[in-house]
Amino acid sequence: MNQWMLRITRYAERLLRNLDALEWPEKVKAMQTNWIGRSEGAEVTFTALGPNGSRHPLKIFTTRPDTLFGATYMVMAPEHPLVRELTADDRSAEVNAYVERVKSESDVERAAKTEKTGVFTGAYAINPVNAEKIPVWISDYVLMAYGTGAIMAVPAHDERDYEFAKKFGLEIREVITSEAGVATEASVGEGTMINSGEFTGRPSAEGRKGIVQWLEQKELGRGTVNYKLRDWVFSRQRYWGEPIPIIHCEKCGPVAVDEKDLPVRLPDIERYQPTGTGESPLATIHDWVNVACPKCNGPAKRETDTMPQWAGSSWYFLRYASPHAKDALLSEEGRKWLPVDMYVGGVEHAILHLLYARFFTMFLYDIGVVGFEEPFKRLFNQGMITYVGKSGKAEKMSKSKGNVVNPDGLVRTFGCDSLRMYELFVGPPELDAEWNEHGIEGVHRFLKRAWHWVSIHNGQWSKTPSREMLVQRHLLLKNVTERLESFRMNTIVSSFMEFLNDVSSMNQAPDKETVETFLVAIAPFAPHFAEELWQQAGHSTSIFQEKWPVWDEAYTVFDTVTVAVQVNGKLRGTIVVNANAAEDLVFESASKDPAIARYLDGVQIRKKVYVKGRILNLVVG
RNA sequence: GCGAGAGUGGCGGAAUUGGCAGACGCGCUGGACUUAGGAUCCAGUGGGGUAACCCAUGAGGGUUCGAGUCCCUCCUUUCGCACCA
C-alpha cells in the first residue's frame, strides 16, 4: 500500500535544538529529546560475501567506531534486503523459518521477549579495518527501522551483543581497557584502545574520531548522525479527514491540486464506514474521485487517502488568531497575537501533538507564512484529578472505570463558584490530586463570609480608609497578581481568605475602592459571586469589563519589621525594629529583650549575623 | 536499565527560593448563642515534658552562623522511554 509521508526527519535537528530555549516542563523536553533520539556515530561499509562468491556492500551504523577492531560477527535485521542473497543454501531452511516466525510476531511480542534469538546465515563479511572475515547472523534484536538495519557486533563492549555472543558461543574480543574486564559482562565505558592495530594505545574517545577520519579517507565510512524519529505516515484510509490534495494522472503521475482549487472538500455521502478492502470510503464516490489532470487535462483520479486527526491540531491555534482571514492562513491582525504565550494541556500530548505542531510551525516559518519557529513559548501541564473506583486505587476518572464524580450535587448544594474555587484550592495545578470533597465547605463558608462583609458595607463605605486597610488591599492584589503569573492558583485562594480574615477582624468599614478591588480580583475565580455583588454596588456594566487593578508598592513594604533572633541557630525571641535599622541597633534592641538576654548572660558573643529585616543570629560560646 | 517528578501535622497543602517550619482550609477539642444544631461566632490544635526546655520536613551523612530548601549515599513512590546499535 502506497502511503503519503511527511518528512519530519528533515527537521529532527531543529526540533531538538530549539527545545533548549522553550519554557516547557523539563519532563516534556526530555520526552521529546528521547523521542527524537539523536546519536552521533559512524556509518561503516563492510563487505559481505555471498554463497557464490558475490560481494555486497553491507552498511552498518555504530556509535562506537572505536570498537571496530572488536567486531567478531555481524547481525542483520530479519527483514534486511540482503538476507536472501547472503544466505547459504544449507542454511536457507533455518533462515527462512526464522524470518517467517519473526514476521508473524507483533511488535509487542517482539519487544516482550527476554532471551536473544537468531540464526547464522552461512555468510561472512570483511571488516574494513583489519580485513578479518566474521560471520553474518540475523536476529530480531536488530531493527530494520533504525540505522541501516544491520550492525557490527562487538560483544566485549555492548550489552546486547554480549548476551547474544554468550548464548551462541561467539568470540568476545576486548579492545577497550576497563577495570572490571569483560569476563562477566560487557564493558561499555571509555578506556584505552587495545588490540586495535595502529590505534592501540589511544584513549577511546579520541580514537573514535581517528577511526572515522581513517574511514573517510579510505571511503569506507563516514561520521554521521542517526535519529530514532521516523518520517510521519500521513495517510489514513478513512472518510473523516482532510483529503490529501493530490491527483493521480495516468500520464503525469501524482500531481498537486492547484492552489486556487484548495482546499479539497469532502463530498457529502451517505455511507462513510470503512470499505473493508483497505481502501478509503472515498474511493467509491465516482463523481468525486474522477477529475481532470491539472497538468494535461486528461483523465485522472483524486487521492482518496485523508489526513490523520493530528493534521488539524497541528495548526488550529494559528487559525484561532485570525478565523476570518479569507486569502491567507494568518492575517496581519492575527500575527500580533502569536506565538502562543502560554499553552495549557495534559502531559499526554507531550510527544505527538506538541512535536507535530512544532514541525508544522517550523515548516510554515520556512515558507514565510509565520514569523516564528516555535508555536508555544510556555507550556503548562496540569495534573489529573484521580479518584478511587472499582480497582480500589486512585485513577484518572473515566466512565469505563466507573469512578466518575458528577458535580451536579455539589453545584446544587454549594454553587458552582464554590466548586470552581475549591478545585483550585485543592493543590498545585501541576500535580495530580485525589478527589475528595470534604474541603469544599471551607471555600463555601469563605464565600458566604465574604458576601456578608461586602453586603453589610455596601453604600456605607469609609471615605478615609485606614492605612492598614489600604495595606490589605494592595497586598492582596500583589499576591493574587504574582501568584497568577506563576500559576499558583491554590495559594491565590488562600490570599483571598487571609485578606478577608484580616479586614473583617479590623472592625472597620472598608473604602469603596478596597471592596471593588477585591471583587475585580476575585471575579476570575468566583465569577457569579463577583458579578452579582458588583451590580449590587451600583454598577450597570459587567465586572468583566473592568481593568485589572494595580497595586502600589508603598503599601506592601513596611516601616517596621519583626526580626527573629536566634542564639546559636535556635530561635529565642522576636523583636520589632525599624525596617532600615542598622545591625548595631537591632542587636541593642535584641539584647534588651529579656527572653533573649538570658541566653547572652555570661557568654561571649563570637559572631553576629544580621539579615536585614529577617533574622539576627548570635553565635556565642 | 535510562530519564523526569514526588515524599512536610490526623488530612489537602504553605514556606518571599538558604533566614521565625506548618500560612490557608478540612477535621478535631472546648466555649458562646440556641427548643435544636450537620447553622453561625469565639478560642485552641505537630510531638514530648508540670516546667525551663527538648524533638520534628522519608533515612543517614556533609556544607553553613543558619538547611524542608544546597551537596553525597540510600529507601519508598508516580510517570515516561525501553533490544534505537
Side-chain angles (χ1 to χ4, degrees), chain A residues 25-35 37-39 41 60-64 67 74-75 77 110-114 116 139-143 145-154 157-161 163-164 188 226-230 347-348 350-351 381 383-384 386 394 421-422 425-428 430-446 448-449 452 478-479 482-483 488 490-501 505 562-574 598 606-620:
Chain A
E26 284 309 315
K27 177 182 181 145
V28 175
K29 290 198 204 180
M31 284 166 78
Q32 293 213 349
T33 301
N34 199 307
W35 185 260
R38 180 185 202 275
S39 45
I60 59 103
F61 173 74
T62 178
T63 54
R64 292 296 299 269
T67 64
M74 300 189 77
V75 186
R110 188 163 164 172
K113 269 198 288 199
T114 49
K116 296 265 181 294
S139 170
D140 63 0
Y141 86 88
V142 172
L143 309 172
Y146 184 75
T148 61
I151 62 158
M152 65 165 185
V154 185
H157 305 293
D158 181 282
E159 284 162 9
R160 298 147 301 181
D161 298 345
E163 191 191 333
F164 193 83
V188 297
N226 238 301
Y227 301 91
K228 285 190 216 171
L229 184 69
R230 304 197 200 151
V347 73
E348 67 270 21
I351 298 174
N381 294 134
M384 279 186 312
T386 61
M421 266 191 122
Y422 174 61
F425 190 54
V426 159
E430 69 275 17
L431 299 183
D432 290 350
E434 194 178 329
W435 179 249
N436 133 20
E437 49 203 48
H438 295 305
I440 193 171
E441 283 195 57
V443 173
H444 184 62
R445 274 200 278 263
F446 158 74
K448 277 200 289 192
R449 290 201 301 128
H452 181 69
K478 178 185 164 83
N479 281 337
E482 288 179 350
R483 293 169 180 191
R488 290 176 302 168
N490 52 330
T491 62
I492 293 180
V493 179
S494 302
S495 304
F496 286 120
M497 290 172 168
E498 280 173 293
F499 168 83
L500 186 66
N501 288 345
S505 67
T562 304
V563 171
V565 181
Q566 298 182 332
V567 178
N568 283 346
K570 287 193 171 142
L571 182 72
R572 297 304 183 189
T574 58
R598 41 191 294 248
R606 293 223 175 116
K607 191 170 179 181
K608 298 177 208 160
V609 182
Y610 177 56
V611 179
K612 199 172 149 194
R614 297 233 170 113
I615 203 161
L616 174 70
N617 191 11
L618 302 170
V619 185
V620 303

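In what follows, every chain begins at residue 1, and chains take the letters A, B, ... in the order their sequences are listed. Model, not experiment: these values are computed from the prediction.
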If you assign each of A:Arg230 and A:Glu26 to its closest nucleotide in RNA chain B, which residue comes earlier from the 5' end?
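Its nearest nucleotide being more 5', the pick is A:Glu26.
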
Find which nucleotide of RNA chain B each of A:Thr63 and A:Asn34 is nearest to by heavy atoms, and output the residue with the more 5' nucleotide.
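On the 5' side of the pair lies A:Asn34.
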
So what's [N] paired with, Watson-Crick or G-U wobble, going by both distances under 3.5 Å?
| N | value |
| --- | --- |
| B:G80 | B:C2 |
| B:U50 | none |
| B:U73 | B:A59 |
| B:C20 | none |
| B:U45 | B:G27 |
| B:A15 | none |
| B:A85 | none |
| B:U64 | none |

Would the distance check show the side chain of A:Arg572 and the main-chain N or O of A:Val567 forming a donor-acceptor pair, the cut-off being under 3.5 Å?
no

Donor-acceptor contact below 3.5 Å, side chain A:Asn617 vs main chain A:Gly569
yes

5' to 3', nucleotides 41-57 of chain B under a 4.0 Å protein heavy-atom cut-off (B base, S sugar-phosphate only, - none) gives S----------SSSS--

Reading 5' to 3' through nucleotides 16-22 of chain B, protein heavy-atom contacts under 4.0 Å coded B for base, S for sugar-phosphate only, - for none:
B--BB--

Can you see if the side chain of [X] gets near the phosphate of [N] - specifically, an N or O under 4.0 Å from OP1 or OP2?
| X | N | answer |
| --- | --- | --- |
| A:Lys27 | B:G80 | no |
| A:Ser39 | B:A85 | yes |
| A:Asn501 | B:G25 | yes |

Within the sub-3.5 Å range, which N or O atoms of nucleotides 9-12 of chain B have a protein N or O partner, and how far apart are they?
unit_1 : atom_1 : unit_2   : atom_2 : d
B:G12  : O2'    : A:Val426 : O      : 2.5

For [X], answer base if it contacts any base atom (sugar-phosphate contacts may also be present), sugar-phosphate if it contacts only those atoms, and nothing otherwise; contact means non-hydrogen atoms under 4.0 Å.
| X | result |
| --- | --- |
| A:Lys448 | sugar-phosphate |
| A:Val142 | base |
| A:Pro25 | nothing |

Quickly work out the A:Tyr227 OH to B:A85 P distance and round it to whole Å.
13 Å

Expressed as a whole number of angstroms, how long is the span from A:His444:NE2 to B:C24:C1'?
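Value for this atom pair: 18 Å.
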
Is any side-chain heavy atom of A:Met152 less than 4.5 Å from a side-chain heavy atom of A:Thr67?
yes

Is there a side-chain contact between A:Val154 and A:Thr62 in this structure, where contact means two heavy atoms from C-beta onward sitting under 4.5 Å apart?
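Side chain of A:Val154 against side chain of A:Thr62, heavy atoms only: no contact under 4.5 Å found.
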
I want to verify a distance call: between B:G80, B:A39, B:A14, whose nearest atom is closest to the A:Asn490 side chain?
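Of B:G80, B:A39, B:A14, B:A14 is nearest to the side chain of A:Asn490.
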
Closest nucleotide among B:A85, B:A15, B:C26 to the A:Asp158 side chain
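Within the option list, the nearest is B:A85.
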
Taking the C1' atom in each of B:C11 and B:U45, what is the distance between them to the nearest angstrom?
14 Å

Which way is the base of B:G9 turned, syn or anti, if we draw the line at 90° from 0?
syn

What is the distance from atom NZ of A:Lys607 to atom CG of A:Asn568, rounded to the nearest 0.5 Å?
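Answer for the NZ-CG pair, A:Lys607 versus A:Asn568, is 12.0 Å.
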
